[in-house]
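Notes follow the structure.
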Amino acid sequence: MSAARTSPRSVAVPAPAEGTGWVGKSIPTKESVRFTTGHGSYLDDVKLEGTAHIALVHSPYAHARIRSIDVKEASAMPGVLAVYTGEDIRKLVDPFMQLAPPPADKVLDYPLAVEKVRFVGEPVAVVVARDRYLAADAAEMVQVDYDVLPPVMDAESAASPSAPILHEAIGTNRVWDGVYEYGDVDGAFAQADLVIQEKFHYHRFNSAPLELNAALASFDRRTGELTLYTNNVMPMFCMPLVASSLRLPSDRIRVIVPDVGGSFGNKINSFPYMVLVSVLSMQLGRPVKWTELRSEFLAAGTHGNERTFQIEAAVRKDGTLLGLRGEAFDDTGAYARYEPAGAVIWAQVAFSMYRHKNLRLHFHSVFTNKCPVGPNRGYSRAQHLFLYERIMDRIADRLGLDRGEVRERNFVRADEMPYQAPNGTVLDGGDYARALHRVQEMLDLPSLRAQQKALRARGRYLGVGIAAALDSAGNNFAQVRVINPHLPFSGNSESARVWMDMMGRVHVAMGPTNQGQGHETMASQIVAHELGLNPEDVHALPGFDSHSHPYTGHSGAYASRTAVMGGGALLGAARELRRRIQVIAAHLLKTAPEDILLEKGEARSRRTGNALPLSVIGGVALGNSLELPLDMDTNLSVTYVYRPPFRIPSHVDKKGNFTLTYSYQVHGAVVEVDPETGKVHLRRYVAVDDCGNMINPAIVEGQVIGAAVHGIEAALLCEAKYGADGQLLASSFTDYLCATSLDVPPVEVEHFITPSTAGPMGVRGVGEGGGTALPALAAAVEDALSPFGVTFQDSHLTPERIQSAMRGRAPTVPSPP
Amino acid sequence: MYPRPFEYRAVTTVDEALRVLHEVEDGKVLAGGQSLLPLMKLRLASPGVLVDISGIPDLSYIRPQGENAVEIGSLTTHDTVAHSALLQERCPILPAAARGIADQQIRNRGTIGGSSCHADPASDLPPTLLALDAEFSIVGPKGSRTVPAKEFFVDLFETQVQRDEILHHIQVPTLGPQWGWSYTKFNRREGDYPIVGVAILVRLDSHGRRLEEVRIGLAAVNPTPCRARAAERFLQGQEISPAILKEAAHRSTEGLHPGSDMHGSSQYRRDMVQVFVRRGLEEAVTRARLAGGNP
């Protein structure tokens, strides 16, 4: 690998002009051909000779002490190679490093439960067998004797001193808690004309990637090297966790990520399973594979953070929000595997899109007897943005103002951009009010209101809801120092390598893993744009391999970062390669490097018009190099690390630039609610998004629609619901209801393009959508049912919840439009 | 998913099926496999021997039985039922119920006999067949017998079909022009098992004013598909009015003990029975009046 070049500052590059070059064009994604014709290679497609397969034994209880585990019968079953319990594994690996400060750093977390089980579905033992069927048969024969303990099923009661304790080693269920205070909160409340008190609950759900978690470990006893195939999408960040748990030096671990069938953040928390198959392979001396079942993914994969807010809003009678104060309880489940990062990540959008200056939030991260939480599209921010949008609706309703007008009054204005929020985060451009107006226009609000009135007269209830949200991207890792100042993380960076071979062909590899977002296409576009090539002619390496791809410790596909971080790295690498090609071409064409233009696969002198194909440049530089002076650099392989200009936030005042770019979205939903059943029929859905300059608008559109649908199904269908006894009720796709095309109308999308003032090429990251659909749908349902005077505090709206809220209520006279 | 080990026997005639079922101890008939195989994959069902009857050619048919009935072979797929011109003409409620089952892939494989014998109380066809007073012809080692719908469904996932028997065909009546019908299912997501399913048949007098006969089949509210007999009795002979339909809807929950799950509590299901019985009656009456020339 060639010398890395690092940039200390943001690469401030203007967007390419309309119609020129490849950046900004909606070319079809290159990789979709293999994905849609069955030629993708996912983890389970990786076959190694002699592979053993595992089946996990899961806890049927939410909270219990393990009295004994009898593996005799299972061990004797045909084809069974070994059975390991948590106690066995504990002797072979170290517990996972914890992010939390004391005392929660003392939590002992292993790939299999040790001494206790803490959620339904937690693995307690593993059977390794010749094939997956035999492993499953034997897993049923493992006898576990439990002492059942009372489960702790919600964060607020888990935080109380009288609650049963999950982790006795720390003596509390608190993972982290702290107060974020910005501005003069009590002063704001002293000035308020109105104080609104509310409680909101953001429910538990996750994502439904087509491919589930999987890992294949192969330990070579000859070399002492472990090859770990994984579909973890943040593998190099997880590597220190994996290596230290396995007690292996990182140079003995090769990580390979093949094609990945979706993640939405959920696959980041698969490292306990990566360690499990690795240690089994090291023990047994053969490859060991794990492919997750859907029921395992639902019970023991990753859930999104469930959060309860008790909140007060100080408001002026014109609808101006002056301040917010209250408590947030984050239910992080049984182990802190990425937590308590969620206890600070919300602060990327602490003030959402609004101008108010005063916020005090006491944030509690709490263990409960549920599946561990972790990144899930809109990680930790969607919850907070839901709070803001619902508060805006409450302000409007309480003051008799229009919900849109209240948002407009409070929005950060276009002429204030870039805008620094009171906690130091910088909103990098946009016109929030104009996006709101556009959504209102797309919906044709006046005619909707007329239609609503006419339908109400006939006992039908139409409603419209509009919500806005930030889609923050490219996080500054230093924000975790707000929760633990000793954590050795800060900034963000990404690495890309662009190189030309001696036939003049150009290759590119980078750190972010491709989970289906079109990375190969966007990388090809950026490189082609800079080197005067066609994207088809740029070879983007699929997947990720720590032996062939460049990376940094931040590498991976999370926080909507690839367009920004990967884009910056690709741009830097491609431009340096261009410069080197120009130098060589100038020598061969007897002109100056500045005179050389790269276009249509050639290096051409602008002055003379003489040109050389890139194959000649590559051939001379790499194979016929005595044609060049000995002191000329013939290295046509460039690795570039892009680093945005972050600073380390203070963990005392909790201020800093937590994220690089802020896309924003405004969504509008039109629903009809059946007042007798409570069922919500989504009639229309529109979205305006602004992610600045787009590298590939078609990919952006897919991300915006995907995020909208993800939010719609979360609001109406998907809930990782538990019973009071700790059983997961939504334990299969029978009850965890993902939306199908029959449940969601076409999402109508428009783009605004306000170039980012922070991201390379004026680009902002996009793809999580800020969970905008959840508050939009809650608002729409309330609007539909406003004659009944019902409101909803929950982000999940089941027919029964709506129907029971309306029970015994009669509609009032039609409300004014 | 990984089922427990099982033996698989493919048979091509009814006699062969009966012979194999008689020989083996732990046999289970496989028809379209749309309910059984998912249960096996979850290890909720683990038959020792799967007797696959889907290759028996003469169990898939829909044919008239005189003027007054239609006979449907047990291996007839939901899709075939949904698109049958004969059923559409003589017994249109059945194609209507079949059209709403799950998705097209499942309708292509799932069969009317399989669904009936599986006897999931939340399925669409059993309450419809109950409302139709369908007759179930069962063959076994001792010959064949016919069981009326009201006796066919015994308990949760249990019917009159014994371990060594198979369901041969189902006979449904031709509905005359004085009949109206509706099949309504209520679910959170298109294609799912219903929270409540309601199959309704009404027969009106020649003026379209009075209910001569009413049959209401309910899904998903009891351990077996069931009839709302109290509501049926109440409506018989009544002059049609909104108040009467509402009262019947109220009575339709008599004797029901719906379970609770995350999609609906017992109380919610009872409420939904009332909503959809009333709506279903309105729809069925409208249809009967249109058919009888009394709109």
Side-chain angles (χ1 to χ4, degrees), chain A residues 53 55 77-79 129 131-141 212 291-296 674-681 713 716-723 727-744 796-804 806-807, chain B residues 1-6 34-35 38-44 46 99-100 102-106 120 122-123 184-198 220 242 246 249-250 258-280 282:
Chain A
H53 298 263
M77 300 260 297
D131 73 44
R132 190 69 179 74
Y133 291 87
L134 296 171
D137 293 343
E140 291 191 301
M141 297 299 146
L212 301 168
T291 52
E292 190 177 45
L293 306 176
R294 183 65 64 176
S295 52
E296 292 177 323
D674 184 327
E676 287 188 303
T677 64
K679 184 161 173 172
V680 177
H681 299 270
E713 68 175 9
L716 300 178
L717 296 168
C718 295
E719 183 179 21
K721 191 177 172 70
Y722 284 86
Q727 292 299 322
L728 178 65
L729 302 175
S731 60
S732 77
F733 270 169
T734 305
D735 292 310
Y736 193 83
L737 307 178
C738 299
T740 74
S741 56
L742 298 176
D743 304 298
V744 182
H796 190 56
L797 302 162
T798 66
E800 181 167 12
R801 182 167 286 153
I802 293 169
Q803 185 255 8
S804 65
M806 293 175 60
R807 193 175 288 147
Chain B
M1 301 297 262
Y2 302 89
R4 295 196 186 96
F6 61 90
Q34 301 305 293
S35 301
L39 289 177
M40 289 172 65
K41 288 198 270 182
L42 291 166
R43 298 189 170 219
L44 294 172
S46 308
R99 276 194 292 275
D103 52 47
Q104 185 62 52
Q105 289 85 341
I106 287 176
D120 187 324
S123 288
T184 325
K185 69 193 283 185
F186 176 63
N187 47 23
R188 290 184 64 189
R189 183 177 62 167
E190 291 301 321
D192 280 341
Y193 281 113
I195 292 172
V196 172
V198 182
K246 197 172 171 197
H250 184 68
S260 292
D261 68 15
M262 65 177 282
H263 308 300
S265 65
S266 183
Q267 178 60 49
Y268 182 70
R269 279 170 207 270
R270 293 172 70 89
D271 291 351
M272 291 308 103
V273 168
Q274 296 198 28
V275 170
F276 288 100
V277 166
R278 196 197 71 233
R279 291 182 187 181
E282 288 164 1

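Lettering follows sequence order; numbering is per chain, from 1.
- Under the 3.5 Å distance criterion, with hydrogens and angles disregarded, no donor-acceptor pair is assigned to the side chains of B/E190 and A/T740.
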Given the rule in the salt bridge (charged side-chain N to carboxylate O under 4.0 Å, His left out) test, do B/R4 and A/E140 qualify, once you have shown the distances and angles that lead to the verdict? CA-CA 10 Å; B/R4 295 196 186 96; A/E140 291 191 301; 2.6 Å; yes
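- Using modelled atom types, one side-chain atom of A/K679 and one backbone atom of B/N187 make a donor-acceptor pair closer than 3.5 Å.
- Not one N or O on the side chain of A/R132 forms a donor-acceptor pair closer than 3.5 Å with the backbone of B/Y2.
- A/D137 and B/R43 are joined by a salt bridge, as a carboxylate oxygen and a charged side-chain nitrogen come within less than 4.0 angstrom of each other.
- The pair B/R279-A/D674 meets the salt-bridge criterion, with a side-chain N (NZ, NE, NH1 or NH2) lying under 4.0 Å from an Asp/Glu carboxylate O.
- Neither the backbone nor the side chain of B/P38 has a heavy atom closer than 4.5 Å to any heavy atom of chain A.
- Using a cutoff of 4.0 Å between basic side-chain nitrogens and carboxylate oxygens, A/D743 and B/R188 are not scored as salt-bridged.
- Contact of B/Q267 with chain A is made through the side chain alone, with heavy-atom distances under 4.5 Å.
- No side-chain heavy atom of B/H263 sits under 4.5 Å from any side-chain heavy atom of A/E800.
- Only the side chain of B/R278 comes within contact range of chain A, judged by heavy atoms closer than 4.5 Å.
- In this structure, A/E676 CD and B/F276 CZ are separated by 8.0 Å, a value rounded to the nearest 0.5 Å.
- In this structure, OH in A/Y736 is found 9.0 Å from CE in B/M262, a value given to the nearest 0.5 Å.
- Residue contact with chain A, scored on non-hydrogen atoms closer than 4.5 Å, involves the side chain of B/F186 exclusively.
- Using a 4.5 Å cut-off on side-chain heavy atoms (C-beta onward), A/L729 and B/D261 make no contact.
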